[in-house]
*Asks:* 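Right, I'll just put the structure down here and ask away after.
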Amino acid sequence: MAPLELRPLGNTGLKLSSVGFGASPLGNVFGIVSEADAIATVRQAFTLGINFFDTSPYYGGTLSEKMLGKALKALGVPRDEYIVSTKCGRYKEGFDFSAERVTRSIDESLERLQLDYVDILQCHDIEFGSLDQIVTETIPALLKLKEAGKVKFIGITGLPLGIFSYVLDRVPPGTVDVILSYCHYGINDSTLEDLIPYLKCKGVGIISASPLAMGLLTESGPPEWHPASVELKAACQDAAAYCKEKGKNISKLSLQYSLSNKDISTILVGMNSVKQVDENVAAAVEVATFGKDEKAISEIEEILKPVKNQTWPSGIQQS
Ligand code: NAD
């Protein structure tokens, strides 16, 4: 099998595998995952060329970080062979983007991950905090963590796309290295596309997460907590059923759609089994070699047309 493609991440100098490993499922967010399965899944991902692993203290109330830490240690490979991103500011107990909390947070994360540093530390879902606090207090605190060597690069994450330019317009160039957007570059919603020229111009690396729209674009459907409207959920299930009838797999087509835009450094997929890793890496290699299945994708786009770019509210009203 051809190797998984590596893509540059903005101005960081890092090269990320086109498929990144989303570790939220290791926090039992999409169902129970045993420690043995978590370790085997991460090992398979690394073996097949995935070098980027994303987690957060929020996922499974710290469980995802602990599982990922154990699994990375079990790999027994030099630290510079994998890239780890975690987050700060969002916890099981709620949001806290204060300098004091995020400074404490990285030490807690490093302990759970059993690492000396993380490659990327991201402020998690900033639309739930004050964006002005992110600019004036949180990011300056993260810069100190960078100076201390605990963090190599700084990022921000969230759902509404407007949060990224709000922050990036207000911090000195080169301060925020990376953004992580989710559920905005998939077959049902591709609105991230409009922001890409702005991000490229600023040299900010682009990570796009949730190509399967957090389970909407899977045959088994989304988890109970999924925030999409009834209409959006129903349309995605219709699309999944249509694909199945045609002998196609909606998850594979969705991932391939997301991977086709090379301005996006990595597509983060949540994976909880060796089988999912195998399928997703195979889908990535196939699309890099043969291109995407245009016909099947346009048929799905047609089914999803009435809900195209429909999203859901996230965060607090900013003053
Ligand atoms: P996703 O769209 O990647 O979907 C994950 C779901 O799809 C899980 O149920 C998984 O088991 C299933 N799946 C994966 N591969 C499959 C396959 N081949 N066939 C069928 N089902 C498959 O959503 P996600 O996990 O929420 O997002 C990916 C990652 O991105 C997260 O784990 C997290 O690391 C990151 N993320 C970050 C933020 C944020 O920072 N705000 C938000 C969302 C996601």
Side-chain angles (χ1 to χ4, degrees), residues 7-12 14-27 29 50-59 64-65 68 83-91 95 97 102 105-106 109 113 118-129 131 134-135 138-139 142 146 151-168 171 175-186 189-196 198-200 202-214 255 258-259 261 263-271 311 314-315:
R7 297 179 181 175
L9 181 69
N11 287 342
T12 64
L14 296 175
K15 284 195 171 163
L16 270 51
S17 49
S18 57
V19 175
F21 188 97
S24 70
L26 305 190
V29 169
I50 293 180
N51 71 353
F52 179 50
F53 298 85
D54 177 74
T55 183
S56 162
Y58 175 64
Y59 300 150
S64 167
E65 284 192 330
L68 183 63
I83 295 162
V84 178
S85 143
T86 193
K87 311 196 183 82
C88 61
R90 181 167 200 178
Y91 309 96
F95 291 88
F97 291 102
V102 299
S105 188
I106 185 63
S109 290
L113 286 162
V118 290
D119 299 275
I120 309 169
L121 182 63
Q122 313 190 76
C123 305
H124 195 173
D125 290 342
I126 58 173
E127 70 270 27
F128 286 92
L131 296 182
I134 299 291
V135 170
T138 321
I139 290 172
L142 265 50
K146 205 173 178 179
V151 166
K152 302 277 183 217
F153 299 103
I154 293 171
I156 48 177
T157 86
L159 185 72
L161 292 166
I163 59 175
F164 298 119
S165 45
Y166 186 96
V167 172
L168 290 166
V171 295
T175 310
V176 171
D177 305 287
V178 176
I179 66 108
L180 184 160
S181 160
Y182 70 102
C183 290
H184 286 311
Y185 202 86
D189 181 337
S190 54
T191 45
L192 175 63
E193 194 145 37
D194 296 340
L195 196 65
I196 292 178
Y198 166 89
L199 295 168
K200 277 179 77 178
K202 289 206 173 260
V204 172
I206 307 171
I207 298 172
S208 179
S210 312
L212 312 183
M214 304 193 301
L255 178 58
S258 302
L259 282 165
N261 190 326
D263 287 332
I264 298 173
S265 301
T266 191
I267 301 294
L268 266 177
V269 199
M271 292 180 255
T311 183
S314 179

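What's counted below: heavy atoms across the whole structure, side chains too, no hydrogens, waters or symmetry copies.
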*Asks:* Can you confirm if the NZ or CZ of Arg90 lies within 45° of the ring axis of Tyr58 and under 6.0 Å from the centre of its six-membered ring?
*Replies:*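 Yes - Arg90 lies over the ring of Tyr58, closer than 6.0 Å to its centre and within 45° of its axis.
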
*Asks:* So, for Glu127 and Gly158, which heavy atoms are closest and what is the spacing to 0.1 Å?
*Replies:*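 Smallest interatomic distance, heavy atoms only, reads OE1-CA, 3.2 Å.
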
*Asks:* Is it the case that atom NZ in Lys202 sees more than 12 heavy atoms from other parts of the structure closer than 6.0 Å?
*Replies:*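 Yes, enclosed.
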
*Asks:* So which atom in Cys88 and which in Val102 form the shortest heavy-atom distance, rounded to 0.1 Å?
*Replies:*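 Closest approach of Cys88 to Val102, heavy atoms only: SG-CG1, 3.7 Å.
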
*Asks:* So which heavy atom on Ala213 is nearest to which on Cys183, and how close?
*Replies:*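 Closest approach of Ala213 to Cys183, heavy atoms only: CA-SG, 3.9 Å.
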
*Asks:* What residue among Leu255, Ile207, Val19 forms side-chain contact (heavy atoms from CB on, under 4.5 Å) with Ile267?
*Replies:*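 Testing Ile267 for a side-chain contact (heavy atoms from CB on, under 4.5 Å) against Leu255, Ile207, Val19 leaves exactly one candidate, Leu255.
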
*Asks:* Could you go step by step and tell me if Thr12 and Asp177 meet the side-chain hydrogen bond (donor to acceptor under 3.5 Å, both in side chains) rule?
*Replies:* CA-CA 7 Å; Thr12 64; Asp177 305 287; over 6 Å; no

*Asks:* Evaluate the side-chain hydrogen bond (donor to acceptor under 3.5 Å, both in side chains) criterion for residues Glu65 and Ser56: first the C-alpha distance (whole Å), next the side-chain angles of each, then the deciding distance (0.1 Å), finally the verdict.
*Replies:* CA-CA 6 Å; Glu65 284 192 330; Ser56 162; 6.0 Å; no

*Asks:* Answer whether the closest heavy-atom distance between the side chains of Ser85 and Phe153 falls below 4.5 Å.
*Replies:*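 Ser85 does not reach Phe153 side chain to side chain.
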
*Asks:* Any salt bridge between Asp125 and Lys87, counting N to O under 4.0 Å?
*Replies:*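 Salt bridge: no.
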
*Asks:* Considering only heavy atoms from C-beta outward, does the side chain of Val171 approach that of Ile134 to under 4.5 Å?
*Replies:*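 Val171 does not reach Ile134 side chain to side chain.
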
*Asks:* Check the pair Ser64 / Thr55 against side-chain hydrogen bond (donor to acceptor under 3.5 Å, both in side chains), numbers first and verdict last.
*Replies:* CA-CA 6 Å; Ser64 167; Thr55 183; 2.7 Å; yes

*Asks:* Could you walk me through whether His184 and Thr191 pass the side-chain hydrogen bond (donor to acceptor under 3.5 Å, both in side chains) test, one step at a time?
*Replies:* CA-CA 5 Å; His184 286 311; Thr191 45; 3.1 Å; yes

*Asks:* Do you know which two heavy atoms are closest between Leu268 and Pro211, and how far apart they sit?
*Replies:*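 Scanning both residues completely, I find the closest heavy atoms to be O-CD, 3.1 Å.
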
*Asks:* Do Glu193 and Asn261 touch side chain to side chain, with heavy atoms closer than 4.5 Å?
*Replies:*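 The answer is yes; the side chains approach within 4.5 Å.
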
*Asks:* Would you find a donor on one side and an acceptor on the other, under 3.5 Å apart, between the side chain of Asn51 and the backbone of Ser17?
*Replies:*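 Yes, because the side chain of Asn51 sits within donor-acceptor range (under 3.5 Å) of the backbone of Ser17.
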
*Asks:* Is there side-chain contact between Gln122 and Val176, with at least one heavy-atom pair below 4.5 Å?
*Replies:*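 The answer is no, as the side chains (C-beta and beyond) never meet within the 4.5 Å cut-off.
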
*Asks:* Run through Tyr182, Tyr185, Phe164 and flag the one making a side-chain contact (heavy atoms from CB on, under 4.5 Å) with Leu192.
*Replies:*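 Of all the options given, the one that passes is Tyr185.
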
*Asks:* Working to the nearest 0.5 Å, report the span between CD1 of Ile139 and NZ of Lys146.
*Replies:*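 Taking CD1 in Ile139 and NZ in Lys146, the distance rounds to 10.5 Å.
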
*Asks:* Which heavy atom of Pro57 sits nearest a heavy atom of Tyr91, and at what distance?
*Replies:*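 Looking at all heavy atoms of both residues, the shortest contact is CG-CE2, 3.9 Å.
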
*Asks:* Nearest 0.5 angstrom please: Tyr198 OH to Leu195 CG, how far?
*Replies:*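 If we round to the nearest 0.5 Å, Tyr198:OH and Leu195:CG are 7.5 Å apart.
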
*Asks:* In the structure I gave you, are the side-chain heavy atoms of Leu180 and Asp54 within less than 4.5 Å of one another anywhere?
*Replies:*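 Yes. Closest side-chain heavy atoms under 4.5 Å.
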
*Asks:* Working to the nearest 0.5 angstrom, can you tell me the gap between Leu9 CG and Asp119 CG?
*Replies:*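 Leu9 CG to Asp119 CG: 10.0 Å, rounded to 0.5 Å.
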
*Asks:* Are the side chains of Leu142 and Cys123 in contact, using a 4.5 Å heavy-atom criterion?
*Replies:*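 Yes. Closest side-chain heavy atoms under 4.5 Å.
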
*Asks:* So how far is it from Ser24 OG to Met214 CE, rounded to the nearest 0.5 Å?
*Replies:*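 If I round to the nearest 0.5 Å, the distance is 9.0 Å.
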
*Asks:* Might you point out which heavy atoms bring Ser314 and Leu159 nearest each other, and give the distance in Å?
*Replies:*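 That closest heavy-atom pairing would be CB-CD2, 3.6 Å.
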
*Asks:* State, with a plain yes or no, whether a side-chain heavy atom of Ser181 is found less than 4.5 Å away from one of Leu161.
*Replies:*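 Side-chain contact under 4.5 Å: yes.
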
*Asks:* Do Thr157 and Val178 have side chains that approach each other closer than 4.5 Å (heavy atoms only, starting at C-beta)?
*Replies:*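 Result no, sub-4.5 Å side-chain heavy-atom pair not found.
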
*Asks:* Going by the angle between their ring planes, with limits at 30° and 60°, are Phe21 and Phe53 parallel, tilted or perpendicular?
*Replies:*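 Rings of Phe21 and Phe53: tilted, 30 to 60°.
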
*Asks:* Hey, could you give me the CD1/CD1 distance between Ile196 and Ile206, rounded to the nearest 0.5 Å?
*Replies:*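 Separation between the atoms: 5.0 Å.
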
*Asks:* What distance do Ser265 atom OG and Leu14 atom CG have between them, rounded to the nearest 0.5 Å?
*Replies:*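 These two atoms lie 9.5 Å from each other.
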
